[in-house]
Amino acid sequence: MHVLREWLPAHEWSSRHHRVVKAPSAVSARCILELGDSDMPVTRALMGIRQLPTRIAGRGAEPGAGPEAAGPDVRSTERMRRLGFVVLRETDEPGIGVTAGFVGRPWQLTLESAVVRGLDPASFRAFDEPGYIKAVTAMWADTRHGGTSRLMTATYVHATDREAARRFGRYWLLVKAFSGLTRIDMLRGVARRAERVAAATASATASATASATAATEAAKDAAATAKGAHADAGNTP
């Protein structure tokens, strides 16, 4: 599916979500890149809850990871980087969108101990140490008929050994529903942005068309008036 298999050929867990958007795919694809914290209230709340064990332990939030770290409008790709994800692909081209990877032990209580940081795309692809999971998540926009598009999100997860599979399997039973909520929240945020842009574009186009039509009609009226005046002048004795 999509480019996920390019980065993670094998996986044991997966999730998929989609949403139809009343906007062209080019607009939806661009809005994926513009998605920010302020577009995702549910995700922000869940991120805050995920930070609680670290705060209780007295370490504070990991730098740049909390939803309040840099104001309400940090873009989602930047937030992912701060959380330890590796952004593998980022484009506004329809059908491709954003792909990010994660390596870690998410069943650990704190993000500090749950995430393997400092990876780049090449080291993410090569990572195979036992005791970890590798995940790839993507969001993209496909073209549909009638000027609409379909937003898609998919996540694949692979455990590097049996122990990691056992631990993640239990963890996934607890968080799968919440993970799904964040995906739905992200899709909703992109859809709202894209539909606002599409509506504003349609309104501007309609206004420009109406202005052009009015100008054309005014020019026709002026020409007719001038022609009538010329005819009257020709008939004067």
Side-chain angles (χ1 to χ4, degrees), residues 1-17 32-33 35 40 43 46-47 49-51 53-54 57 59-67 69-70 74-93 95-140 152-183 186:
M1 171 180 283
H2 189 243
V3 298
L4 278 77
R5 294 188 189 280
E6 174 186 337
W7 294 99
L8 198 64
H11 67 278
E12 294 77 49
W13 298 270
S14 66
S15 67
R16 302 174 182 84
H17 298 83
I32 290 173
L33 300 187
L35 183 69
M40 303 179 292
T43 301
L46 291 174
M47 286 172 60
I49 294 171
R50 183 64 177 90
Q51 289 285 323
T54 301
R59 300 177 189 175
E62 283 81 356
V74 176
R75 290 189 177 183
S76 61
T77 49
E78 176 59 23
R79 180 68 67 200
M80 293 174 81
R81 289 185 177 97
R82 296 182 185 191
L83 288 167
F85 284 77
V86 185
V87 176
L88 303 170
R89 187 167 297 179
E90 186 178 4
T91 175
D92 62 1
E93 182 179 346
I96 300 179
V98 173
T99 304
F102 170 91
V103 174
R105 294 167 171 161
W107 52 87
Q108 297 287 340
L109 281 178
T110 67
L111 288 178
E112 185 179 53
S113 58
V115 182
V116 175
R117 296 181 180 272
L119 299 177
D120 60 19
S123 55
F124 171 83
R125 191 193 296 275
F127 190 95
D128 63 354
E129 293 182 27
Y132 294 88
I133 62 99
K134 295 176 68 175
V136 176
T137 186
M139 181 183 290
W140 68 98
M152 307 286 293
T153 181
T155 301
Y156 288 174
V157 182
H158 168 66
T160 57
D161 66 3
R162 289 185 178 180
E163 179 62 16
R166 183 181 67 83
R167 287 176 175 269
F168 183 78
R170 293 187 303 194
Y171 171 81
W172 187 239
L173 288 176
L174 294 174
V175 305
K176 183 178 181 180
F178 299 105
S179 176
L181 285 176
T182 65
R183 302 305 189 271
M186 294 171 72

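Remark: side-chain polar atoms of Thr153 are not paired, donor with acceptor, to backbone N or O of Met139 under 3.5 angstrom. A side-chain donor-acceptor contact under 3.5 Å links Thr160 to the backbone of Tyr132. Formation of a donor-acceptor pair under 3.5 Å by the Arg117 side chain with backbone atoms of Arg82 is found in this model.
Applying the salt bridge (charged side-chain N to carboxylate O under 4.0 Å, His left out) test to Arg105 and every residue at least two apart in sequence or in another chain returns nothing. Not counting sequence neighbours, Arg162 has no partner by the side chain to side chain contact (heavy atoms under 4.5 Å, CB included) test. By the side chain to side chain contact (heavy atoms under 4.5 Å, CB included) test, Ala159 is found to be paired with Glu12, Trp13, Ile133, Ala164, Ala165, residues two or more places apart in sequence or in another chain being considered. With sequence neighbours excluded, the residues satisfying side-chain hydrogen bond (donor to acceptor under 3.5 Å, both in side chains) with Thr77 are Glu90. Not counting sequence neighbours, the partners of Ser76 by the side chain to side chain contact (heavy atoms under 4.5 Å, CB included) test are Leu35, Met40. Remark: Arg166 engages Glu163 in a salt bridge (charged side-chain N to carboxylate O under 4.0 Å, His left out) (not counting sequence neighbours). The ring-ring contact (aromatic ring centres under 6.0 Å, His included) check on His17 picks up nothing, with sequence neighbours excluded. With sequence neighbours excluded, the residues that form a side chain to side chain contact (heavy atoms under 4.5 Å, CB included) with Ile49 are Leu46, Leu52.
Among residue pairs with one or both ends in residues 128-140, none qualify as salt bridge (Lys or Arg N to Asp or Glu O under 4.0 Å); sequence neighbours excluded.
Ring orientation note: the planes of Tyr171 and Phe168 are tilted relative to one another, at an angle of 30° to 60°.
Counting all heavy atoms, side chain and backbone alike, Ala114 lies closest to Phe102 at O-CZ, 3.7 Å. Between Phe85 and Thr137, the shortest heavy-atom distance links the atoms CE2-CG2, 4.5 Å. Residues Pro130 and Asp161 come closest through the heavy atom pair CB-OD2, 3.2 Å. The nearest pair of heavy atoms linking Ala138 to Thr99 is CB-OG1, 3.7 Å. Between Ser14 and Tyr156 the shortest heavy-atom distance is CB-CD2, 3.7 Å. The shortest non-hydrogen separation linking His158 to Ala10 is CB-O, 3.2 Å.
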List the steps, then state whether side chain to side chain contact (heavy atoms under 4.5 Å, CB included) holds for Val175 with Trp172.
-> CA-CA 5 Å; Val175 305; Trp172 187 239; 3.9 Å; yes
Under 3.5 Å donor-acceptor pairs involving side-chain atoms of residues 119-127, not counting sequence neighbours:
{"from": "Asp120", "atom 1": "OD1", "to": "Ala122", "atom 2": "N", "distance (Å)": "3.2"}
{"from": "Asp120", "atom 1": "OD1", "to": "Ser123", "atom 2": "N", "distance (Å)": "2.7"}
{"from": "Asp120", "atom 1": "OD1", "to": "Ser123", "atom 2": "OG", "distance (Å)": "2.7"}
{"from": "Ser123", "atom 1": "OG", "to": "Asp120", "atom 2": "N", "distance (Å)": "2.8"}
{"from": "Ser123", "atom 1": "OG", "to": "Asp120", "atom 2": "O", "distance (Å)": "3.1"}
{"from": "Arg125", "atom 1": "NH1", "to": "Glu6", "atom 2": "O", "distance (Å)": "2.8"}

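Of the residues Arg183, Arg16, His11, the one that meets the side chain to side chain donor-acceptor pair (under 3.5 Å) test with Thr155 is Arg183.
Atom CZ of Arg50 sits about 10.0 Å away from atom CG of Leu83, to the nearest 0.5 Å.
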